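Only heavy atoms go into these numbers, but all of them, side chains included; no hydrogens, no water, no symmetry mates. Note that this is a predicted model, so its numbers are computed, not measured.
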Amino acid sequence: MNYHTPGPWHFRDDSKFFKTNPFSVYRRGGGVHSAAIANVPFKRTIPEAEAKANALLISAAPELLDAVLGLLAVCWDLEIDDATVAAVARARAAIAKATGEQQ
């Protein structure tokens with residue numbers, strides 16, 4: 001598994017101050033320090049609301065990954081029916097993409 005900056009990641013809306021990169025995702029560090037994860041711009045090709053939604057999704061990434069891994073770990077029957085098998089396959093594919101293990 002690839003390693004990512006540990007969560008939680010936080011979303012910041014600086015649209016009142018910055019027009020080119022108004023949304024950011026960061027991790028709080030010790031004291032006043034923080035680590036930038038992403039700066040999400042909006043331009044004519046990506047509306048502001050979409051850029052904000054992208055930044056919110058990025059900020060939730062560590063928790064989403066942990067949640068999916070946790071669900072797969074506690075599900076007692078991952079092959080109960082076709083819908084469950086398909087959902088588990090999508091979850092495993094998403095995990096592989098997120099961790100860089102996708103072929």
Side-chain angles (χ1 to χ4, degrees):
M1 176 184 265
N2 289 351
Y3 296 97
H4 60 273
T5 303
W9 293 357
H10 303 279
F11 166 80
R12 182 171 37 233
D13 181 345
D14 286 327
S15 58
K16 292 180 182 178
F17 310 107
F18 301 107
K19 295 300 176 194
T20 55
N21 291 306
F23 308 114
S24 60
V25 179
Y26 67 97
R27 179 181 184 271
R28 288 189 182 122
V32 297
H33 303 288
S34 64
I37 304 298
N39 290 312
V40 181
F42 75 87
K43 299 183 179 186
R44 292 179 189 195
T45 56
I46 299 177
E48 183 176 358
E50 187 177 327
K52 183 176 182 178
N54 291 342
L56 287 165
L57 180 60
I58 293 166
S59 70
E63 290 90 350
L64 289 169
L65 179 59
D66 287 343
V68 173
L69 289 168
L71 283 171
L72 290 177
V74 300
C75 287
W76 61 274
D77 189 354
L78 298 178
E79 298 179 1
I80 194 167
D81 57 29
D82 290 345
T84 304
V85 170
V88 168
R90 287 192 312 273
R92 287 183 174 149
I95 291 167
K97 183 177 180 180
T99 59
E101 296 171 8
Q102 186 176 29
Q103 299 290 331

(Q) Give me the atom names and distance for the closest heavy-atom approach of A51 to P41. (A)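 That closest heavy-atom pairing would be CB-O, 3.4 Å.
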Q. What pair of heavy atoms forms the shortest contact from V40 to P22, and how long is it?
A.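 Where V40 meets P22 most closely, the heavy atoms are O-CD, 3.6 Å.
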Count I, L, V, M, F, W, Y as connected when their side-chain heavy atoms are under 4.5 Å apart, and connections chain through other members. Are [X] and [Y] then in the same cluster?
X: L65; Y: L72; answer: yes
X: V68; Y: L78; answer: yes
X: V85; Y: I80; answer: no
X: I37; Y: L56; answer: yes

Does the side chain of [X] reach to within under 4.5 Å of the side chain of [Y], using non-hydrogen atoms?
X: N39; Y: V25; result: no
X: R90; Y: I95; result: no
X: N21; Y: D14; result: no
X: T84; Y: E79; result: no
X: F23; Y: D13; result: yes
X: F42; Y: K52; result: no
X: P6; Y: R27; result: yes
X: H10; Y: S59; result: no

Q: Using the six-membered ring wherever Trp is involved, compare the ring planes of H4 and W9 and label them parallel, tilted or perpendicular (cut-offs 30° and 60°).
A: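 It falls in the perpendicular class, over 60°.
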Q. Is the charged tip of R12 near the ring of Y26: under 6.0 Å from the six-membered ring centre and within 45° of its axis?
A.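 Yes, R12 lies over the aromatic ring of Y26.
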Q.
Measuring from atom CG of N54 to atom CZ of F11, what distance do you get when rounded to the nearest 0.5 angstrom?
A.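 CZ of F11 is found 10.5 Å from CG of N54.
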Q.
For D82, I'd like to know if atom CG has over 12 heavy atoms of other residues, nucleotides or ligands within 6.0 Å.
A.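 It does not: D82 CG has 12 such atoms or fewer within range.
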